[in-house]
Participant: 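Just dropping this structure here.
What you see is a predicted model; the values in this text were computed from it and never measured. We're numbering straight along the sequence, starting at 1. Just follow the structure's listing: the first ligand is 1, and inside any ligand the first atom is 1.
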Amino acid sequence: MKFNELNISTVILKALEKENYTTPTPIQAQAIPAILAGRDFLGCAQTGTGKTAAFAIPMIQRLNEHPPKPGMGRRIRSLILSPTRELALQIYDNVKAYSQFTKLRAAAILGGVSQKTQERSLQQGADIIIATPGRLLDLMNQKRIDLQYVEILVLDEADRMLDMGFIHDVKRIIAKMPSKKQTLFFSATMPAEINQLVKTLLVDPVKVEITPVSSTAERIKQEVYLLETGHKQKQLNELLKDESIVSALVFTRTKRGADRVVRDLTKVNISAQAIHGDKSQISRQSALRNFKNGGTRVLVATDIAARGIDIDELSHVINFNLPNIPETYVHRIGRTGRAGLSGTAISFCEVDELPFLKDIEKLIGKTIPEVKDHAYPMPSSLRFSKGKGSLKKSPAKPGRSKSDSARRPKTESVRKTKTDAGRSYKPKSNSGSKRGKASGAARGGSRGA
Ligand code: AMP
């Protein structure tokens, strides 16, 4: 299947060609015809599946083909809501790229930067707004944004909105829009509250569930170093002597941890910068830019800051700390191996992270190969006893209580890709509700990052 078989208009095809897109990803192949036909859409899909183009291409086409009546002026006809600034900026860049040969105008409305430029682009008029909820509400309260002409609403990463506490803001924003509109809803997971929102917002949606979390990991080479406690930094320095690691995104559990890794890498002349919630938006953007253009070799990030970051051709992801939520591991390593490229994910694991490793291996359905030839091996007395998967010593699980782990449902690892036009996909309300509680509680543990 090619893009030109999807009834996409020539102005957009020209832009896609310029971006070197030839073949639609599975979610694009299914979403584009449905959205072009005016249907509401529910996509259960993660970053890396091409979901942005899946909603942006048909949205742009519909707006372009149905301009407002002459004399009506430019009005906000489409709103895309994103949980994070980074994701909003990425969507904005994509929307601009796909609409570059149309007369449509887009504006990004997000916090952390001066409001003035955003006010100016609003005064000049925008057809499409890509916004984070907080700044959008500020501007709505100041009567600078009017959503009464919105025809298409996109909610991206809805589960993340819930995690980050934005769901009430989102509901307040939606209340200011006409009830008759096309709604496109994307979420990587479907906890109960999200399911509820879906029911109230979407009318007879086309539902597509794509890229099971366990299979994203398949094309990525994965390795784990079982390390003696306290030697991760030395091992990282050692690893980065290998010049074939052109660019590495290193994940730490905490903001302070991220700063510490940057400081220690800088000491040994490895260029590194950190992005996390304590950094200003400007410094985050500059770190990301430096990393993307090769000026910085290592970007150190926490999970929340890294959410939505899109780096083409990232060669390595390094888990300095293993996440306590196994799905987070899959999200992290999915930063490499984008758009069909291969990549390498290396994880450091100390004794108290062994239970996390076990959970991750269970989710992805395979054992991550261990690199044994290194200077700081974990004493063998502390490892899993062979074959049984049980620990010789039972280390504590930091950051997750027994009840969290007991509540985490098992559905994620067996989730299958299903597509439909309203039939075969059924969000499982029971498991969804369990998952909602579990992911909320468990993710809360790493929230401070
Ligand atoms: P997303 O899941 O929307 O964050 O997209 C992941 C990455 O894939 C982005 O870098 C997109 O620019 C890229 N991408 C999306 N769709 C295609 C496509 N059909 N062909 C090539 N690259 C794509």
Participant: For atom 22 (N) of ligand 1, which candidate among F3, F186, Y21, F55 holds the nearest heavy atom?
Facilitator: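 Residue with the shortest heavy-atom distance to the ligand atom: Y21.
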
Participant: Is there a polar contact, in the sense of an N or O pair closer than 3.5 Å, between N94 and ligand 1?
Facilitator: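 No.
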
Participant: Heavy atoms only: which of P26, P24, G50 lies closest to atom 5 (O) of ligand 1?
Facilitator: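 Closest candidate by heavy-atom distance is G50.
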
Participant: Between E19 and ligand 1, which residue portion shows a heavy-atom distance shorter than 4.0 Å: side chain, backbone, both, or neither?
Facilitator: neither

Participant: Looking at F101, is K14 sitting on its ring face, NZ or CZ under 6.0 Å from the six-membered ring centre and within 45 degrees of the normal?
Facilitator: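 The answer is yes, since K14 meets both limits relative to F101.
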
Participant: Any side-chain to backbone donor/acceptor pair from T52 onto I91? Under 3.5 Å, distance only.
Facilitator: no

Participant: Are F186 and F55 an aromatic pair, judged by ring center distance below 6.0 Å?
Facilitator: yes

Participant: Please identify which atoms of ligand 1 are closer than 4.0 Å to at least one heavy atom of T52.
Facilitator: 1 (P), 3 (O), 4 (O)

Participant: Please report the shortest heavy-atom distance between A188 and C44, naming the atom on each side.
Facilitator: O-SG, 3.7 Å

Participant: Would you say R135's side chain and V113's backbone share a donor-acceptor pair under 3.5 angstrom?
Facilitator: yes

Participant: Using a 4.0 Å heavy-atom cut-off, say whether T22 meets ligand 1 through its side chain, its backbone, both or neither.
Facilitator: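 It is neither part, as no heavy atom is under 4.0 Å.
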
